[in-house]
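Below: the structure, in structure tokens.
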Amino acid sequence: MEHLTHDILVVGGGAAGLRAGIAAVERSPKLSVAIVSKVYPMRSHTVSAEGGMAAVTREYDSLDSHAYDTIKGSDFLADQDSVEYFVKQAPHEAVQLEHWGCPFSRDPDGRISVRAFGGMSVKRTLFATDKIGFHLLHTLFQTSLKYDRIHRYDEWFVTSLLTNANRVEGVTAIDIRTGELFTILAKAVIIATGGCGRVFQFTTNGWIKTGDGMALAYRAGVPLKDMEMVQYHPTLLPNTGILITEAARGEGGYLINKDGERFMKRYVPGKMELGPRDIISRSELTEIKEGRGFEGRYGSYVELDLRHLGEKKIEEKLPFVKELAEKYVGIDPAHDPIPVRPGQHYQMGGVHTNIEGFTGLGGLYAAGEAACVSMNGANRLGSNSLTECLVYGAVAGETVADYVAKQPTPSFGNPVQGLAMTEETRIYDGLLKHENGERTSTIRIDMQKGMEEHVGIFRDENSLREGCRIIEDLKKRMTNSTVDDKDRVFNTDLVSALELDFMLDCAEAITYSARARTESRGAHSRIDYPKRDDTSFLKHTLAYRNPNGPRMEYLPVTITRWKPEERVY
Ligand SMILES: Cc1cc2nc3c(=O)[nH]c(=O)nc-3n(C[C@H](O)[C@H](O)[C@H](O)COP(=O)(O)OP(=O)(O)OC[C@H]3O[C@@H](n4cnc5c(N)ncnc54)[C@H](O)[C@@H]3O)c2cc1C
């Protein structure tokens, strides 16, 4: 098997991965950095972000206010030291991005515009109409092109981490175009592989968000933290799961039930449509359950009403929302309300890291949605994620650049070589050659349905026990699965089977962690334990991989200045 060598290997070419790569080469003038991405970097999920990125940029705002909003939004599960660092760095990252050329929307006086976002007490979300992800990712991607020490492996799929004596020394990766498996050795690896939303049936997440990096770390013995904290976004198109950005409510949109009533007055009267996502998603389901929803071809829904904003404002501030409503529902939001319902959107949990992005396994770091640093706790505020990718991507890149300066280059000897050969056998002699097994698509569908039904917005012991049983059963079925395409060249069937295998690990960690947390906090809503329980659960869940279901450990939450209080809006 051929092997390649770099100082640092970043898995992921989205916002977190590119920011980490740029930070590493800027920190140290000699390093060779590899960015491996299973899709061309501009196709990473970051590209689809719509609403904006949060940072304190106005005189009426303050770092403490951004920190408090984030911590309260997290239902006090966020580590407050990571939130404080985040809010302090956020304005620098925003200015840096602007200097690199990000075309933010601007006010007439030339300042970057800011808009309201859910759970934020003032307007602090910077935006580029409603296509921030495209512009932000483009800016990072083009900046990365300046550095010839950043080597890209586009459309390469990482299948495993190679470890030696409690240290990571590289990865195995398939060049999807040829189907050849390579070993890429590195002194350090940064996981920036994004979320795992595809574990669920109804999600805003792209097909590629399959939790690969979370599973890679989990398999290497690193715990997954707070995986039970799954964010549902309140406004997805019922037929497709396509997101209608929170910016639509930030710009003044209403949520209405079938009686034409702005029902959020019953749930968060102080914030109305700009309450946090967990509360709004639950409110929508309650309206539907109590008979005040609409019934349509694709199930129950409520409506997002933008009519009062007028055509001009919609066109100027929300052109993408207009385009999506026209193309996917056949309506013009200036004249008709948009049907919406909640769906999976974001994974607060992820690979456990400390504030420097370090996972505890020598040489292994993580950043972005794949990681849990943890600044989102039990519920992320919209528009904090892109900024998190920048802030903590940069932290990981810089920390790793310093770390590798003192590390020897790994050699292609054992045990790494042996592990790579075993991986080759597992994929090509095992999965690819296996005949007469079950098709992976049926396993995937059953996983997504099972997670949606048993591990969704409202949970209880019975549903979660059933969720655990389903996942264990699916894991067994996975060992007897078959891919139809037996060729090596551009075998997307094989890649999606490997992705499904990763997703089952994420689904397991989510379900078991949710079952063990017998309280309700943020996005984790247990109907059998409706109250938050700070005495027993003001702590992070750490799920360690184990053959008979994960082993749970817990870690105290870091509290700096904000004592937990009741979360009312
Ligand atoms: C529709 C939508 C709208 C959003 N809008 C906003 C918003 O307005 N504001 C906000 O703050 N947040 C928003 N979010 C959330 C935010 O966009 C994401 O959390 C963030 O972009 C994640 O970035 P990332 O770099 O961590 O991962 P991603 O952008 O998902 O990138 C992951 C990278 O990892 C690579 N990868 C994964 N697995 C492998 C593997 N096995 N081998 C090789 N490469 C691999 C992929 O190719 C990709 O390059 C939105 C999310 C969605 C889905």
Side-chain angles (χ1 to χ4, degrees), residues 9-21 34-55 90 115 117-118 125-128 130-134 136-137 140-141 152-161 171-176 184 190-198 203-216 231 233 235-236 241-247 250 320 324 343-348 350-351 366-371 376 380-390 392-393 396 495 498-499 501-502:
L9 190 149
V10 183
V11 191
L18 290 175
R19 185 68 190 91
I35 295 185
V36 187
S37 175
K38 65 181 176 179
V39 295
Y40 191 70
M42 274 306 298
R43 299 187 65 216
S44 304
H45 189 73
T46 298
V47 79
S48 61
E50 299 171 22
M53 56 170 279
R115 64 166 43 126
F117 241 70
T125 297
L126 287 64
F127 58 96
D130 50 3
K131 295 186 179 119
I132 182 67
F134 174 83
L136 179 146
L137 193 60
L140 291 173
F141 185 54
R152 288 212 329 275
Y153 296 89
D154 297 342
E155 301 187 334
W156 282 47
F157 183 85
V158 172
T159 69
S160 74
L161 295 177
V171 304
T172 49
I174 300 172
D175 174 359
I176 300 173
I184 312 179
I190 301 174
I191 290 178
T193 46
C196 61
R198 279 283 152 188
T203 172
T204 62
N205 285 194
W207 284 98
I208 54 174
K209 293 198 74 172
T210 50
D212 306 3
M214 296 177 184
L216 288 169
Q231 177 161 83
H233 192 292
T235 57
L236 276 62
I242 287 174
L243 177 78
I244 299 297
T245 172
E246 189 162 304
F320 194 46
L324 292 173
Q344 195 284 348
H345 181 57
Y346 180 85
Q347 177 61 11
M348 268 78 71
V351 180
E369 192 174 338
N376 300 304
R380 170 182 72 103
L381 292 190
S383 76
N384 265 352
S385 171
L386 291 174
T387 317
E388 173 182 358
C389 288
L390 300 176
Y392 282 105
V495 168
L498 293 166
E499 288 176 333
D501 204 30
F502 287 145

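When a ligand or atom number is given, it counts from 1 through the structure's own listing order. Values below: all heavy atoms of this structure, side chains included; hydrogens, waters and symmetry mates excluded. Source: prediction; values computed, not measured.
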Practice item. Please work out whether any backbone atom (N, CA, C, O) or any side-chain heavy atom from C-beta onward of Cys389 is under 4.0 Å from ligand 1, and answer side chain, backbone, both or neither. Key: side chain
**Study point:** Distance-only N or O hit between ligand 1 and Leu386, under 3.5 Å
**Key:** yes
Check your understanding: Out of Ala49, Ala371, Gly12, Ala192, who gets a non-hydrogen atom closest to atom 5 (N) of ligand 1?
Key -> Ala49
**Study point:** Asp212 and ligand 1 - part of the residue with a heavy-atom distance under 4.0 Å
**Key:** side chain
Check your understanding: Can we say Glu499 and Arg198 salt-bridge, meaning some charged N sits less than 4.0 Å from an Asp/Glu carboxylate O?
Key -> no
Review point. Is any N or O atom of Ser37, backbone or side chain, closer than 3.5 Å to an N or O atom of ligand 1?
Key: yes
Review point. Between Val39 and ligand 1, which part of the residue brings a heavy atom under 4.0 Å of the ligand: side chain, backbone, both or neither?
Key: both
Practice item. Measure Trp156 to ligand 1 on non-hydrogen atoms and call it side chain, backbone, both or neither using the 4.0 Å cut-off. Key: backbone
Point to revise | Nearest-contact summary for atom 29 (O) of ligand 1 - protein heavy atom, Å | key: Thr46 OG1, 2.5 Å
**Study point:** ligand 1 contact on Gln231 by region, counting heavy-atom pairs under 4.0 Å
**Key:** neither
Review point. For atom 51 (C) of ligand 1, which candidate among Gln347, Lys38, Glu369, His45 provides the closest heavy atom?
Key: His45
**Study point:** atom 8 (O) of ligand 1 [closest protein heavy-atom partner, distance rounded to 0.1 Å]
**Key:** Gly51 N, 2.8 Å
